[in-house]
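Being a predicted model, the structure only gives us computed values, none of them experimental. Quick note on labels: first sequence line is chain A, next is B, and so on, each numbered from 1.
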2 protein chains.
Amino acid sequence: MDIQKRLLPDLTDVLKKRYTILHHIAATGVVGRRALATHLELTERVLRAEVDFLKEQGLLETESSGMKLSEAGRKLLEDIEPIVKELLGLTDLEETLRARFSLRQVVIVPGDCDQSELTKKELGRAGAAALRKYASKGDVVAVAGGSTLAEVAHHLTPSAQMKGSLFVPARGGLGESVELQANSIASTMAKKTGGEYRLLHVPDHLGEEAYVSLMQDPNILEIVEVIRSARIVVHGIGDAMVMARRRKVDQRTIAELTAEGALAEAFGYYFDRSGKVVHKMPTVGLRLEDIQATETVIAVAGGKSKGEAIAAVMKFGHEDVLVIDEAAAVELLHHL
Amino acid sequence: MDIQKRLLPDLTDVLKKRYTILHHIAATGVVGRRALATHLELTERVLRAEVDFLKEQGLLETESSGMKLSEAGRKLLEDIEPIVKELLGLTDLEETLRARFSLRQVVIVPGDCDQSELTKKELGRAGAAALRKYASKGDVVAVAGGSTLAEVAHHLTPSAQMKGSLFVPARGGLGESVELQANSIASTMAKKTGGEYRLLHVPDHLGEEAYVSLMQDPNILEIVEVIRSARIVVHGIGDAMVMARRRKVDQRTIAELTAEGALAEAFGYYFDRSGKVVHKMPTVGLRLEDIQATETVIAVAGGKSKGEAIAAVMKFGHEDVLVIDEAAAVELLHHL
DNA sequence: CATATGCGGGACATTTTGAGTCCCGGTGAT
DNA sequence: ATCACCGGGACTCAAAATGTCCCGCATATG
């Protein structure tokens, strides 16, 4: 079934549509085309094409008083229910989450990144597909760091509409290993898609003084300007403590984070359980107000262990597209 | 799986196409688009659309030297093989039989009419769909009798292109019960589709003298002319002995049929194992030369027990479209 | 080293399909 | 008798699929 979905991705949509139509007719008994179209929020013409098809298949019958299921249709509806349920589990979950957080789109890939490397790759592929979908020519794309983002970058392919894109890191260095840093990922993405890239080389742990002088450097200032004008932001989501440790922040900061209830991390900011920003890493780049102004913010993350963190960032509420795996989706639902 | 096929009939085609492409690439290793298109008998553009899709799905990769499967593609190909085999079993069978008997189309519905009434209905539906497909406006459609044809008639629906059709019986009365006679079926089909019909009332067991005088009647002559000009013929296929008994032919004739090796019956003619006509029922209507001249001859039959009879009529070799069930198809294959 | 071949990918005209919208005759309830 | 709603036909326009050709590039071949 999953395999089939792989070779026929829109199978799900069509199946759902037809199932819904049959289901509604079954529920109503006899119903007219226009009434049904209104109920299902389909245009008359589309509904009609489907009805013609279903009639051709002998699943429903038309009379002057309206349409009703045939015997075969009734039987099919029974038989197909479990199939649809399975097939649409994720689809429904996607829609639930999308509505819950007022997102533009939610993509759920089957599996658990924590369990399977393959799911992580799949997540990367889905993330890349999402980016491809929302990118248009000449966009500035700001990307964060992390292993998930690296996976996304790895699955990007050259495409016409991203040829002119400019990839920039969302923030300066954040203490990650080189290949997982935003800079590396931005450059990988650019190479993979055939786009341009600009880097932001800012050391970690800047003092106030150094920071001020750095921000007066015209080169730095210019690239920061570009970053802040990004039309698309792609970032991962991490567990606050895991991230803090990975970035080797000092004990005092960790204690602070704990005290503040930091749970999740994304693009250098730390969020508590309610989605409030409780801490930020001291480096330059995208600010919160930039995130809010960005047209499309894409979050990619996966793994059951990340569920809570994802929930926190979602409550922050400035994401547009969420790409997660099944395990995270289920977990996320538990944290509502 | 069968259920799914019911709601998404062209799923099979697409799946087969994509599977074939992946399969070929796997077999070749690295192959160019044009070379592949030639091999698969696809136009370059279509192949390309598919390749783009498969690439999007991460199933294959392109290099300057050509395309090859990705790791995921290789795995998918393995996983999907049983699915495709099951799903395409009938499709392949259709194609095998189509090629073997040089037919225009073979339709196989799953199941066995002998076992299940539902399969018989399904066969009727498929027969009706085939007739609908090949009928065009104003056609003369000659239909034979039998329970299968009655089922076909039952599943016809009003349609624009058959509104002007003229349904006629292929032959005069052949001793069947009224509702299974060609006359009844022609009239049912006309009523179901919204077409016209003309009947041919000729009693059974005509003497030579009566036959001659009947054929001088201008009314009879005219309708016979119409029948012989039919552009489409739809008929069932029966076991010779079963039909003979059902038509209550006398012992002497049955003995003759046995002696001649009659195996199958269709539109009033009896065929032996090799497809040679060994006997004809004495009534008026379509002659063999008319069948040969007919643009589209559609045979509808099903049931494991009919396999041999169908094989015999197929060897006769003037059919264009064959609609059978799975059991008959498998049996038919055994009799090659 | 030069040339030819076959590659993927871009581009474009044309055909085919899909979709939105209206209208019509029929039918059943009021 | 009237009216609302039914299915189905028809038309237009937009979008997608398709056939076709070309280009720059890598590689193999002479």
Side-chain angles (χ1 to χ4, degrees), chain A residues 8-10 13-14 17-18 21 24-25 28-70 73 132-133 137 156-164 191-195, chain B residues 8-10 13-14 17-18 21 24-25 28-70 73 132 137 156-164 192-195:
Chain A
L8 300 159
D10 32 354
D13 300 325
V14 183
K17 197 203 297 180
R18 291 184 178 162
I21 292 173
H24 255 259
I25 297 178
T28 324
V30 177
V31 64
R33 196 208 311 150
R34 270 164 276 246
L36 190 58
T38 312
H39 257 89
L40 297 173
E41 294 180 324
L42 293 171
T43 64
E44 188 190 326
R45 195 63 184 72
V46 173
L47 197 252
R48 189 163 158 192
E50 294 300 333
V51 164
D52 284 349
F53 165 82
L54 293 170
K55 199 163 36 170
E56 191 88 353
Q57 295 296 309
L59 300 175
L60 55 82
E61 294 158 358
T62 55
E63 304 171 4
S64 61
S65 57
M67 304 171 284
K68 64 171 189 178
L69 289 198
S70 71
R132 203 179 301 124
K133 176 174 174 183
K137 214 149 189 164
L156 281 169
T157 51
S159 76
Q161 83 254 34
M162 287 173 74
K163 205 135 206 173
K191 279 172 199 153
K192 285 274 185 180
T193 56
Chain B
L8 301 158
D10 28 352
D13 301 324
V14 183
K17 198 201 300 180
R18 292 183 179 163
I21 293 172
H24 256 258
I25 297 178
T28 325
V30 177
V31 64
R33 196 211 308 151
R34 269 162 278 245
L36 190 59
T38 312
H39 257 87
L40 298 173
E41 293 180 325
L42 293 170
T43 64
E44 186 190 326
R45 196 61 184 75
V46 173
L47 198 250
R48 189 164 158 190
E50 295 301 332
V51 164
D52 283 349
F53 166 82
L54 293 170
K55 200 164 33 171
E56 191 90 349
Q57 295 296 311
L59 300 175
L60 56 83
E61 294 159 356
T62 56
E63 304 171 2
S64 61
S65 57
M67 305 170 284
K68 64 171 189 179
L69 289 197
S70 73
R132 203 180 300 124
K137 216 152 189 162
L156 280 169
T157 51
S159 77
Q161 82 254 34
M162 287 174 73
K163 207 138 206 171
K192 285 274 186 181
T193 56

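Nearest heavy-atom pair across A:S70 and A:G58 is OG-O, 2.7 Å.
Take B:E44 and apply the salt bridge (Lys or Arg N to Asp or Glu O under 4.0 Å) test, not counting sequence neighbours, and it matches B:R33, B:R34.
Between the CG atom of B:L47 and the P atom of D:dT20 there is a distance of 15 Å, rounded to whole Å. Rounded to whole Å, atom P of D:dC6 lies 12 Å from atom NE2 of A:H39. If you take CG of B:D10 and C1' of D:dA17, they are 15 Å apart, rounded to a whole angstrom. Nucleotide D:dT20 holds its C1' atom 16 Å from the CG atom of B:L42, rounded to whole Å.
Separation of atoms CZ (A:R18) and CD (A:Q57) is listed at 8.0 Å; rounding is to 0.5 Å. For the atom pair CD (B:E50) and CG (B:L60), the distance works out to 10.5 Å, reported to the nearest 0.5 Å. Distance check, rounded to the nearest 0.5 Å: CG of B:L59 to CD1 of B:I25 gives 9.5 Å. Remark: A:L69 CG to A:T28 OG1 distance equals 9.0 Å, nearest 0.5 Å.
The nucleotide whose nearest atom lies closest to any side-chain atom of A:V46 is, among C:dA19, D:dT18, D:dG7, C:dA19. Which of C:dC7, D:dG19, D:dG7 sits closest to the side chain of B:A35 comes down to C:dC7. Which of C:dG8, D:dG7, C:dA19 sits closest to the side chain of B:M67 comes down to C:dG8. Looking at the side chain of A:R45, the nearest of the listed nucleotides D:dG19, D:dG7, C:dG20 is C:dG20.
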Test A:H24 against A:V31 for side-chain contact (heavy atoms from CB on, under 4.5 Å), laying out the working first. CA-CA 9 Å; A:H24 255 259; A:V31 64; over 6 Å; no
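The shortest side-chain heavy-atom distance between A:V51 and A:M67 falls under the 4.5 Å cut-off. Counting heavy atoms from C-beta outward, B:L8 and A:L8 have side chains that stay 4.5 Å or more apart.
A:V30 comes within 4.0 angstrom of nothing in the nucleic acid, heavy atoms only.
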Letter by letter from the 5' end, nucleotides 22-30 of chain D scores (B base, S sugar-phosphate only, - none; protein heavy atoms under 4.0 Å) B---S----
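Residues from residues 48-61 of chain A that place a heavy atom under 4.0 Å from any atom of DNA chain D, listed by number: A:R48, A:K55.
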